[in-house]
Amino acid sequence: MATQKLLLLPGDGIGPETMREVKALIALMNEAGLASFEIEEDFVGGAAYDAHGAAISEDAMAKAEAADAVLFGAVGGPKWDAVPYEQRPEAGLLRLRKDLAVFANLRPAIVYPALADASSLKRDLVEGLDILILRELTGGVYFGEPKEIRDLGNSQKRAVDTQVYDTFEIERIARVAFDLAKTRRNKVTSMEKRNVMKSGVLWHDVVDDVHKREYADVELEHMLADAGGMQLVRAPKQFDVIVTDNLFGDMLSDVAAMLTGSLGMLPSASLGAPDPASGKRRALYEPVHGSAPDIAGTGAANPIAMIASFGMCLRYSFGMGELADTLDAAIAAALDQGLRTPDIWSEGTRKVGTEEMGAAIREAFRAEAA
Ligand code: IPM
Ligand code: MG
C-alpha cells in the first residue's frame, strides 16, 4: 500500500480539538490496514504567530508543498486582534491557498435526514438538499492589487481593494464546475454581478464561451449574485453546482451552510490543477467554519465539518471514494443515534461534546469498514 503524506495544520480556537478527532480516525485507518498515512503537524494562524512571529513559517510552507494533502483546522481569535495586518492569522490561510494554487474550492451543502429540522428553513425546502458551491479561491478581490489604505493628507483616507479576473482563471474554474456537474445532476448556475461590475461581465461571457465550446451537454444558467442569494434561501433545491468568484463564494457558502443546520456541518476541498506528469493535484482540506473562540476549549465544538473535510481528502486526493462514502454514512449513523453537539441540538436528542461525537463516528466507521 502506498504511503500518503498528510500535513495537519490545526491552527487556533476549535481547530486543534476538532483535528484531534481526525487524528484518531487516521490512527484507526492505519491500524486497520485501510491506509498508510504518514502525518506531520505544524502551526498556522495565531499559533504560528505566537511561535514564529508569522502567520505561517517558511518551514511549514515547505512541508505543505511536499505533502500529498494538507488538512487545515481554523485560524483567528481576539487574542491576535492587534497583530500587524500582514501577519494576522487569516494571512496564513490565504498564503497556503495562493502558494499551493488551489483555485477550486468545493463546498458541498448536504442536509442529513436527521438534521432537516435543524435548518433555519422549513423541512420540505431542505430535506434531501445536495448542492455544491464551487468558489474560485486564488483570485478576485482577495488578492487583487492595489490593496491598501491611502492617506489623502486632508485627514481623509482612501481604502482600495481590487476585483480582478483574467480569462484563464474563469475558464479553469468553469471547467471544474462543468466536470463536477456531469458527475451529479448536470446543471451549473454561474453567479456574478455583471449589472455593476466589469469582472462580472467577463465572468459571464467566459463561462458562456466555455459552455458553448466544450460543455454544451451540461445545462447552464446565469444568475446575478444577489438574486442567487435570495434563491438560495427561497428554493435551494433548484441548484446543483453553483460556480462563483472568491468573495461571492465566501458569502454564499455561509448562507448555504445554514441551510444544513449549522456552520459546523460544512466541509470543503480546495484543489489545484492536475500535474501534467503525475496527474496529482495539490489539495487543501478545511471546514468552512472558523475558529469559534467563544466555545474553544469547552469541548463543545462540532467535529463533523472537520471529519467530513477529511472524507473529501480520501475522495479527491487518494481515490478512496468507497471509504469516503463509508465515513459519510458513519456521520449519518451518529446523527441517527440522536447524538448532537450543542450547535445542532434540538428537543428530544442527546447533547454530546466533540469527543463523544468523534468516537461515535469512528465506531460506526469501524463497524462498516474495518
Ligand atoms: C472562509 C473564511 C476565510 C475566507 C477567512 C478565514 C479568511 O471565511 O474560508 O470562508 O474569507 O475565505
Ligand atoms: Mg467564509
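Computed from a predicted model, the values in this text were never measured in an experiment. Numbering of ligands and ligand atoms starts at 1, following listing order.
For atom 7 (C) of ligand 1, the nearest non-hydrogen atom from the set Glu90, Arg88, Arg107 belongs to Glu90. Around atom 10 (O) of ligand 1, the closest heavy atom drawn from Asp250, Leu94, Asn246 belongs to Asp250.
In Met251, neither the side chain nor the backbone holds a heavy atom less than 4.0 Å from any atom of ligand 1.
Taken to the nearest 0.5 Å, the CG atom of Leu94 stands 11.0 Å off from the CD1 atom of Ile56. For the atom pair CG (Leu93) and CD (Glu286), the distance works out to 5.0 Å, reported to the nearest 0.5 Å.
Among the atoms of Asp250, an N, O or S atom is found under 2.8 Å from the Mg ion (ligand 2).
In Glu355, the CD atom is not crowded: 12 or fewer heavy atoms of neighbouring residues, nucleotides or ligands sit closer than 6.0 Å.
For a threshold of 3.5 Å applied to N or O pairs, the pair formed by Arg97 and ligand 1 contains at least one separation below that value.
The aromatic ring centres of Trp203 and Tyr165 sit less than 6.0 Å apart. Ring-centre distance between Phe168 and Phe103: not below the 6.0 Å cut-off.
Annotation: atom 11 (O) of ligand 1 to nearest protein heavy atom, Tyr142 OH, 2.5 Å.
Distances from ligand 1 to the non-hydrogen atoms of His289 include no value under 4.0 Å.
The two residues Asp12 and Ser291 make their nearest non-hydrogen contact at O-CB, 3.7 Å.
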